[in-house]
Amino acid sequence: MTLPPDTAPDDGRSQASRLRLIAGFVALATAVAVGIVLTIGRTTVVDPQASTTAAAPMGRISPDGVLDLTSVDDVMAERYRHAAEHADTYDHVRCYCGCEAAFDHTKLTDCFLRADGGWEAHGAGCGICIAEADAVRDHLDAGTPLPDIVEDIDDRFGPSTPTT
């Protein structure tokens, strides 16, 4: 006795193929969703050499990498002014974003202030630099002693923190 093709018993191969296909789509959708979540809220570091007036969320940047502080929002401008006013503290705080390799920065001050007196563009476009600067400001506002500020920044942003 032969069964018609539409009533033939399933030998499991077609069902297994369908399950693998569905699992593949689920894995792809999950990877895309994770990528979107990881990207949301991340700031962008812009190459200051890309244009003579690089337009970016972080403000206008001159060809030599100087940030025009009037081109950023008030909160960002205040971060820069705070770094300048408290450079003695920022000089003791290490930046953990990886900028020491890309920009030869040695301390958090370097992310906001240039040796030539200009505003360093990097700090405005780096989420880790911004978070560290905000933490330093909060500590200073609370009267936290310098060794405790440095220890907290090292603990919170140290080598286990992903770079931007």
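For clarity, every value in this text was computed on a predicted model and none was experimentally measured. Sequence positions, counted from 1, serve as the residue numbers for this chain.
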Novice: For a quick test of reading the model, state the closest non-hydrogen atom pair linking Ala87 to Thr109 and the distance between them.
Specialist: O-OG1, 3.7 Å

Novice: Report yes if the side chains of Cys99 and Cys111 come closer than 4.5 Å at any heavy-atom pair, otherwise no.
Specialist: yes

Novice: Which residues pass the side chain to side chain contact (heavy atoms under 4.5 Å, CB included) test with Pro145, not counting sequence neighbours?
Specialist: Pro147, Asp148

Novice: For Asp91, which residues count as a salt bridge (charged side-chain N to carboxylate O under 4.0 Å, His left out) partner, sequence neighbours excluded?
Specialist: none

Novice: Not counting sequence neighbours, which residues clear side chain to side chain contact (heavy atoms under 4.5 Å, CB included) with Leu69? List them please.
Specialist: Leu67, Val72, Ala77, Tyr80, Arg81, Trp119

Novice: Going by salt bridge (charged side-chain N to carboxylate O under 4.0 Å, His left out), name the residues that satisfy it together with Glu151, two or more places apart in sequence or in a different chain.
Specialist: none

Novice: Heavy-atom count around Asp74 CG within 6.0 Å, excluding the residue itself: above 12?
Specialist: no

Novice: What pair of heavy atoms forms the shortest contact from Cys129 to Phe112, and how long is it?
Specialist: O-CZ, 3.7 Å

Novice: Please identify each residue that fulfils side-chain hydrogen bond (donor to acceptor under 3.5 Å, both in side chains) with Thr144, with sequence neighbours left out.
Specialist: His139

Novice: Mind checking salt bridge (charged side-chain N to carboxylate O under 4.0 Å, His left out) for Arg94 and listing every partner two or more places apart, or none if nothing turns up?
Specialist: none

Novice: Keeping to residues at least two apart or across chains, list the salt bridge (charged side-chain N to carboxylate O under 4.0 Å, His left out) pairs with something in residues 129-139.
Specialist: Arg79-Asp134, Asp134-Arg137

Novice: Would you name the heavy atoms of Gly118 and Val66 that are closest together and state the gap between them?
Specialist: CA-CG1, 4.2 Å

Novice: Are the side chain of Asp152 and the backbone of Ile149 linked by a donor-acceptor contact shorter than 3.5 Å?
Specialist: no

Novice: Which residues pass the side chain to side chain contact (heavy atoms under 4.5 Å, CB included) test with Glu120, sequence neighbours left out?
Specialist: His105, Arg114, His122

Novice: Which atom pair, heavy atoms only, marks the closest approach of Ala133 to Tyr90?
Specialist: O-OH, 3.5 Å

Novice: Shortest non-hydrogen contact from Gly123 to Ile130?
Specialist: O-CG1, 3.3 Å

Novice: Say you draw a straight line from SG of Cys95 to CD1 of Ile128; how long is it, rounded to the nearest 0.5 Å?
Specialist: 7.0 Å

Novice: Can you name the residues that form a ring pair (Phe, Tyr, Trp, His ring centres under 6.0 Å) with His86, not counting sequence neighbours?
Specialist: His82

Novice: Could you list the residues that satisfy salt bridge (charged side-chain N to carboxylate O under 4.0 Å, His left out) with Asp141, not counting sequence neighbours?
Specialist: none

Novice: For a quick test of reading the model, state the closest non-hydrogen atom pair linking Thr106 to Asp110 and the distance between them.
Specialist: N-OD2, 2.7 Å

